[in-house]
Amino acid sequence: MRPHLALIEDEPDFALMCRSYLERAGFTVTWAMDARAGKSVLYESRVDLAILDLGLPDGSGLELLRALRSTSRLPVIVVSGRGAETDRVAGLEIGADDYLVKPFSQRELVARIHAVLRRSQPPDLPTTIQAGSLLVDTAARQVSVDGVLLNLRPKEFALLEMLAAAPGRVFSADQLLERIWGSSWQQPATVVEHVYRLRGKLAELPAPAPRIVTVRGYGYRLDP
């Protein structure tokens, strides 16, 4: 699948040049001309990385980055004509993963994107995960309890896979939303609904199954 980039940039010529080059390099690019449109793209689309200009017509890119960092760890590369050390430090301290000063080559931008995406990838999970009687086969995308297969939807599988990979660890709704749905801007009710369905499927099994426990005020854990 082609990585999806959000390009938040108000200079049309520069943005069109970037989008054209990035699409030829194998990315899908959604262009937003200001902070308001940028927020819409980030809220409504599954984005793998944002390229963010600081000088936007309706606000500061730093403010958009600060708001983003309050809810998400989405990788962000700041691009700006502001090359002073104070500007670079401010962007990186707020949470930018990289900072490029204009002008720069498109080839360098692509290299920086690949590097940031590599760093942001979670560590590979093992091919199989065992949690008590529950076995998650990550290659076959199957879950079984004492040999009995569960019929799971993709998000249900991803949720159970994440919990089973760290039995006993509590994950908050925001952590689950960001890792599985790609954004913590979804409503926590999304997690509640999926946990409810998973519990029902585990309860229907003929053999005792691990339990998904609600830790009030914190989140969820899997007890093998």
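Given the structure is predicted, the values throughout are model-derived calculations rather than measurements.
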task: Give the minimum heavy-atom separation between Ala166 and Phe171, together with the two atoms involved.
output: CB-CZ, 4.0 Å
query: Apart from Leu149 itself, what residues make up its hydrophobic cluster when side-chain heavy atoms of I, L, V, M, F, W and Y under 4.5 Å apart count as a link, directly or indirectly?
result: none
- prompt: So, do His114 and Phe27 have ring centers that fall under 6.0 Å from each other?
  reply: yes
- request: Mind running side-chain contact (heavy atoms from CB on, under 4.5 Å) on Leu64 and Leu68 for me, showing each step along the way?
  value: CA-CA 6 Å; Leu64 178 55; Leu68 178 65; 5.6 Å; no
task: Verify the distance criterion only: is there a donor paired with an acceptor across the side chains of Arg199 and Thr214 at less than 3.5 Å?
output: yes
Electrostatic pair Arg66-Glu63, nearest N-O below 4.0 angstrom: yes
message: Which residue is it: Thr28, Val47, Ile113? I am looking for the one with a side-chain contact (heavy atoms from CB on, under 4.5 Å) to Leu5.
response: Ile113
task: To the nearest 0.5 Å, tell me how far Asp174 CG sits from Arg179 CZ.
output: 13.5 Å
NZ/NE/NH1/NH2 to OD/OE distance under 4.0 Å, Glu23 and Arg2: no
message: Would you say Ser45 and His4 are linked by a side-chain donor-acceptor pair, where the criterion is simply a distance under 3.5 Å?
response: no
- request: Quick one: pull up CE in Met17 and OG in Ser20 and give me the separation to the nearest 0.5 Å.
  value: 9.5 Å
message: Working note: Tyr220 + Leu198, criterion side-chain contact (heavy atoms from CB on, under 4.5 Å); need CA distance, chi angles, decisive distance, verdict.
response: CA-CA 12 Å; Tyr220 302 92; Leu198 274 176; over 6 Å; no
field: salt_bridge(Arg112, Asp98) N-O dist < 4.0 Å
entry: yes
field: Worked verdict on Leu49 versus Leu74 for side-chain contact (heavy atoms from CB on, under 4.5 Å)
entry: CA-CA 6 Å; Leu49 181 144; Leu74 177 76; 5.6 Å; no
query: Under the side-chain contact (heavy atoms from CB on, under 4.5 Å) criterion, do Ile8 and Asp53 qualify, and how do the steps go?
result: CA-CA 6 Å; Ile8 306 172; Asp53 186 16; over 6 Å; no
task: State whether Glu44 and Lys39 are salt-bridged, where the test is any N-O pair (Lys NZ or Arg NE/NH1/NH2 against Asp/Glu carboxylate O) under 4.0 Å.
output: no
- prompt: Is the distance between the ring centroids of Phe104 and Phe14 less than 6.0 Å?
  reply: yes
message: Looking at every heavy atom in both Val78 and Leu65, which two are closest together, and how far apart are they?
response: CG2-CD2, 4.3 Å
statement: The reported gap from CD in Gln142 to CG in Asn151 (rounded to nearest 0.5 angstrom) is 10.5 Å
Verdict with supporting geometry, Ser40 and Arg36, side-chain hydrogen bond (donor to acceptor under 3.5 Å, both in side chains): CA-CA 6 Å; Ser40 178; Arg36 180 179 180 182; over 6 Å; no
- prompt: From Leu150 CG over to Leu135 CG, what is the distance, rounded to the nearest 0.5 angstrom?
  reply: 11.5 Å
task: Would you mind checking if Arg118 and Asp97 are paired as a salt bridge, meaning a charged N to carboxylate O distance below 4.0 Å?
output: no
query: Can a salt bridge be assigned to the pair Glu9 and Lys102 using a cut-off of 4.0 Å between side-chain N and carboxylate O?
result: yes
